[in-house]
Amino acid sequence: MTSSSYILTLSCPDRPGIVAAVSGLLAERECNILESQQYGDVDTGRFFMRVQFSAPEGVTADELRAALDARAERFALDWRLYEPGSRTRVLIMVSKAGHCLNDLLYRTRSGLLDIDIVAVASNHPDLRPLTQSYGIDYHHLPIGPGGKAAQEAEVLALVERYRVDLVVLARYMQVLSDEFCNRLPGRIINIHHSFLPSFKGARPYHQAHARGVKLIGATAHYVTPDLDEGPIIEQEVARVDHTHSPADLMAVGRDMECLALARAVRWHSEHRILLDGDKTIVFR
């Protein structure tokens, strides 16, 4: 007998019987739970759950959705069911720095990231050769006479054209408008340097070097209209000392950015991240 693997994620007000209801629903249809994680947030009173399971031949996604709908009202479930073979379609946005883009392209080609990078967009032409060497479309979208609004409209057109599930800002050095962020809630991931909060503006690593910092790192987060204040997905840090020059700090920082961003993209594509207000629940 053949089977298909599904992923179910849900959140709801915490109360007894949620796990029993979900596992019972699956058992009734002879589904086999392969992985299950849950978490109850005592501060917000919310319950979160991710279940990966196999369903026998004959049990359809429509049948599973109908069964979940029947239980949704009782538990006030906010649920998502992801079907077998559904890969996340990703649009990457970059400026001139190519380390995060190169890392994501390599990880995807080598099978370390189970995503489809469908296109790359940039306000500069510099990374076209790298992108096209992987056989991926590159779109140079400078901010022209029409301003940022016109350029962002072109990006949104790409999102529709390529049926994009996730936009990844891989060191894209433009601030997105509130309107753009609100069009794609929970669907934009950004990477930026962290543990340097006191060093705003240009040349943050030079400022950090001048102050003798001991930790540097990077933060991957969802993008919201509040600049760099979106829910944090992953952070990576490295210890440094007085022997590190600004160039050394930048090199270490690039590595941290690649690691944190790759993990965030992978966890998102595997549906391991659930939003809990201004923070995330990550089922690793």
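Since we're looking at a predicted model, the values are computed, not measured.
To the nearest 0.5 Å, the span separating CG on L274 from OH on Y39 amounts to 12.5 Å. Taken from CZ in F47 to CG in D276, the straight-line distance is 12.5 Å, to the nearest 0.5 Å. In this structure, CG on L101 lies 8.0 Å from OH on Y138, to the nearest 0.5 angstrom. Between the CZ atom of R263 and the CD atom of Q235 there is a distance of 11.5 Å, given to the nearest 0.5 Å. Atom-to-atom distance recorded for H221:NE2 and N190:CG is 4.0 Å, nearest 0.5 angstrom. Distance CE/M49 to CG/L77: 10.5 Å, rounded to 0.5 Å.
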Candidate pair E179 and R183, rule salt bridge (charged side-chain N to carboxylate O under 4.0 Å, His left out), full reasoning
CA-CA 6 Å; E179 292 76 15; R183 286 285 297 272; over 6 Å; no

Just do the salt bridge (charged side-chain N to carboxylate O under 4.0 Å, His left out) check on R107 and D103 with the steps written out, would you?
CA-CA 6 Å; R107 289 175 189 269; D103 184 73; 2.6 Å; yes

Test salt bridge (charged side-chain N to carboxylate O under 4.0 Å, His left out) applied to E35 and R272, step by step:
CA-CA 11 Å; E35 180 183 334; R272 295 185 177 276; 2.8 Å; yes

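Looking at S11 and R46, their side chains do bring a donor and an acceptor atom within 3.5 Å of each other.
Checking side-chain atoms of S122 against main-chain N and O of V94 turns up a donor-acceptor pair under 3.5 Å. Proximity of a side-chain donor or acceptor of S86 to a complementary backbone N or O of Y82 within less than 3.5 Å is not detected. Under the 3.5 Å distance criterion, the side-chain polar atoms of H244 are matched with a main-chain donor or acceptor of D241.
Shown here for I191 and A260, the closest heavy-atom pair between the two residues is CD1-CB, 3.9 Å. Looking at every heavy atom in both residues, E270 comes nearest to I7 through O-CD1, 3.8 Å. Taking both residues in full, the closest heavy atoms of R187 and L166 are given as O-CD1, 3.3 Å, listed atom of the first, atom of the second, then distance. Across all their heavy atoms, A21 and F75 have their closest contact at CB-CE1, 3.6 Å. Between E63 and G58, the shortest heavy-atom contact is OE1-O, 3.9 Å. Residue L249 comes nearest to I216 through the heavy atom pair O-CD1, 3.4 Å, listed as atom of the first residue, atom of the second, then distance.
Screening V90, L113, I92, I136 against T108 for a side chain to side chain contact (heavy atoms under 4.5 Å, CB included) leaves a single residue, L113.
Side-chain contact between R71 and L25: present, with at least one pair of heavy atoms (C-beta onward) separated by less than 4.5 Å. Side-chain contact between R87 and S269 is absent, with no heavy atoms from C-beta onward closer than 4.5 Å. With contacts defined as side-chain heavy-atom distances shorter than 4.5 Å, the pair V240/L215 does not qualify.
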Acceptor/donor pairs from residues 170-178 side chains to any protein atom, 3.5 angstrom cut, sequence neighbours excluded:
| unit_1 | atom_1 | unit_2 | atom_2 | d |
| --- | --- | --- | --- | --- |
| R171 | NH1 | E257 | OE1 | 3.0 |
| R171 | NH1 | E257 | OE2 | 3.3 |
| Y172 | OH | Q151 | NE2 | 3.0 |
| S177 | OG | E152 | OE1 | 2.5 |
| S177 | OG | F180 | N | 3.1 |

With a 3.5 Å cut-off and sequence neighbours excluded, list the donor-acceptor pairs that the side chains of residues 277-284 form with protein atoms.
| unit_1 | atom_1 | unit_2 | atom_2 | d |
| --- | --- | --- | --- | --- |
| K279 | NZ | D41 | OD2 | 3.2 |
| T280 | OG1 | I232 | O | 2.6 |
| R284 | NH2 | E234 | OE1 | 3.3 |

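Within the structure, the side chain to side chain donor-acceptor pair (under 3.5 Å) test picks out the following pairs touching residues 156-166 (sequence neighbours left out): D137-Y162, H139-Y162.
Under a cut-off of 6.0 angstrom, the local environment of CZ in R65 is crowded, with over 12 non-hydrogen atoms contributed by other residues, nucleotides or ligands. More than 12 heavy atoms of other shown residues, nucleotides or ligands fall within 6.0 angstrom of atom CD in E28.
Taking the six-membered ring where the residue is Trp, Y6 and F53 present parallel rings, their angle staying beneath 30° rather than reaching 60°.
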